[in-house]
Amino acid sequence: MKNQRTLIIGANSAIAQAISTELLIHGEQHLILISRKLETYCSGNYLGAQKIQVSDYSEKTIEHAVSAIENNNKSPITRVFICHGILHNDVLQPEKCLESINAASFETVLKINALTPLLWIKYLTPKLTHKHPCKITVFSARIGSISDNNLGGWYSYRASKAALNMMLKTAAIELARRAKNIKLIAFHPGTTDTKLSKPFQKNVPDNKIFTTKFVAQQLLDIVNDKDIDGQLSYLDWQGKKISW
């Protein structure tokens, strides 16, 4: 569709930046970018983008950000990428054992990785319900698969991605009834060379650490190929299904 728009949330993440770059390369001019930091998008390449800077990802802020998205029936939003998430920061790390579990850290990871994406979908759904297909991709992870858990550890991160998958599955069932034009995708990018994975790359073979450009290209191909089917697709970077 010539005048379609693409919304990228968490636009300052490394993969989100790669997605926006790939879209520009392929002539996509109608971007909507939401993030706490948007300095990356100050160049002339993004003059046509609508940029919405937020102070945080509280529910009230999310509601205001969605209301700030320009309505344009001639240029519908047909792709949404929800890219933010947390694995570690200065005060929390993935747990290696039961003794490492911390209630405050657990709540932080669950809120950012599981609840926040669903709040975006909650407020976006009225704006995205129209006659045009719209595909929403949320960054999940293979580690959220219960059947794939053979290593243990990383309690909070595993739980947050499993919870995210369950809520996306539930949302897909609801949207199949009330917003049949919307497709949900839970995407596992693989180990990508970003700040998020940097501390954990030493045990990953070099050929299994992907560039952000590669992941963005794979993801855009996957999104373009998926049909609107009222189902949640849980897919890896190859477009292969991941078991729950």
| note | With sequence neighbours left out, the residues meeting side-chain contact (heavy atoms from CB on, under 4.5 Å) with Y234 are S140, S145, N165, A186, I242, W244
| Between K241 and D236, is there a side-chain N and carboxylate O pair less than 4.0 Å apart? | no
| So, the side chain of Q201 versus the backbone of I209: is there a donor-acceptor pair under 3.5 Å, distance only? | no
| task | May I ask you to check whether over 12 heavy atoms, not counting those of K37, lie within 6.0 Å of atom NZ? | result | no
| N181 side chain to H130 main-chain N or O, any donor-acceptor pair under 3.5 Å? | yes
| Is K180 reaching over with its side chain to a backbone N or O of A176, donor-acceptor style, under 3.5 angstrom? | yes
| task | Find the distance between NE2 (H64) and OG (S55) and round it off to the nearest 0.5 Å. | result | 10.5 Å
| remark: Closest non-hydrogen atoms of I19 and C83, given as atom of the first, atom of the second and distance, are CD1-SG, 4.3 Å
| field | Identified side-chain contact (heavy atoms from CB on, under 4.5 Å) partner of L164 from the options N113, T116, L118 | value | L118
| For I146, does the CD1 atom sit with more than 12 other heavy atoms under 6.0 Å from it, leaving out its own atoms? | no
| task | Indicate the ring-plane relationship of Y157 and W154, choosing parallel, tilted or perpendicular according to the 30° and 60° boundaries. | result | perpendicular
| query | If two hydrophobic side chains count as joined below 4.5 Å and joins carry through other members, does L7 share a cluster with L168? | reply | yes
| Donor-acceptor contact present, side-chain E95 to main-chain S100, <3.5 Å | no
| Interatomic spacing from CD in E107 to OG in S156 - rounded to 0.5 Å | 10.0 Å
| query | Heavy-atom count around N207 CG within 6.0 Å, excluding the residue itself: above 12? | reply | yes
| field | Any donor-acceptor pair under 3.5 Å from R79 side chain to N224 backbone | value | no
| message | Just so I know, are the side chains of L87 and P94 near enough to count as touching, which here means a heavy-atom distance under 4.5 Å? | response | yes
| message | Using side-chain heavy atoms (C-beta onward) and a distance below 4.5 Å, is T211 in contact with D193? | response | no
| task | Identify, with sequence neighbours excluded, every residue that meets side-chain contact (heavy atoms from CB on, under 4.5 Å) alongside I25. | result | T21, E22
| Less than 4.0 Å between a side-chain N and a carboxylate O, is that true for K183 and D229? | yes
| field | Criterion side-chain contact (heavy atoms from CB on, under 4.5 Å) against I34, the qualifying member of V66, T61, I52 | value | I52
| message | Taking L196's backbone N and O only, do any of them form a donor-acceptor pair with H88's side chain (distance below 3.5 Å, no angle check)? | response | yes
| said: Would you compute the distance between atom CZ of F106 and atom CD1 of I101 and round it to the nearest 0.5 angstrom? | reply: 8.0 Å
| query | Among pairs that include at least one residue of residues 118-127, which meet side-chain hydrogen bond (donor to acceptor under 3.5 Å, both in side chains), considering only residues two or more places apart or in two chains? | reply | E59-K122, E59-Y123, N71-K127, H84-W120
| L124: which of I136, I77, I69 passes side-chain contact (heavy atoms from CB on, under 4.5 Å) | I69
| said: If hydrophobic clusters are built by linking Ile, Leu, Val, Met, Phe, Trp and Tyr wherever their side-chain heavy atoms come under 4.5 Å apart, do L235 and F214 end up in the same one? | reply: yes
| Rounded to the nearest 0.5 Å, what separation is found between the CG atom of D148 and the CZ atom of R142? | 6.0 Å
| For F81, which of L220, I15, I185 qualifies under side-chain contact (heavy atoms from CB on, under 4.5 Å)? | L220
| remark: Correct closest heavy-atom pair for K226 and S233 would be CE-OG, 3.6 Å
| Between atom OH of Y155 and atom CG of L98, what is the distance when rounded to the nearest 0.5 Å? | 3.5 Å
| query | Roughly how far, to the nearest 0.5 Å, is the CG atom of L23 from the CZ atom of R5? | reply | 14.5 Å
| Is there a donor-acceptor pair under 3.5 Å between the side chain of K135 and the backbone N or O of V223? | yes
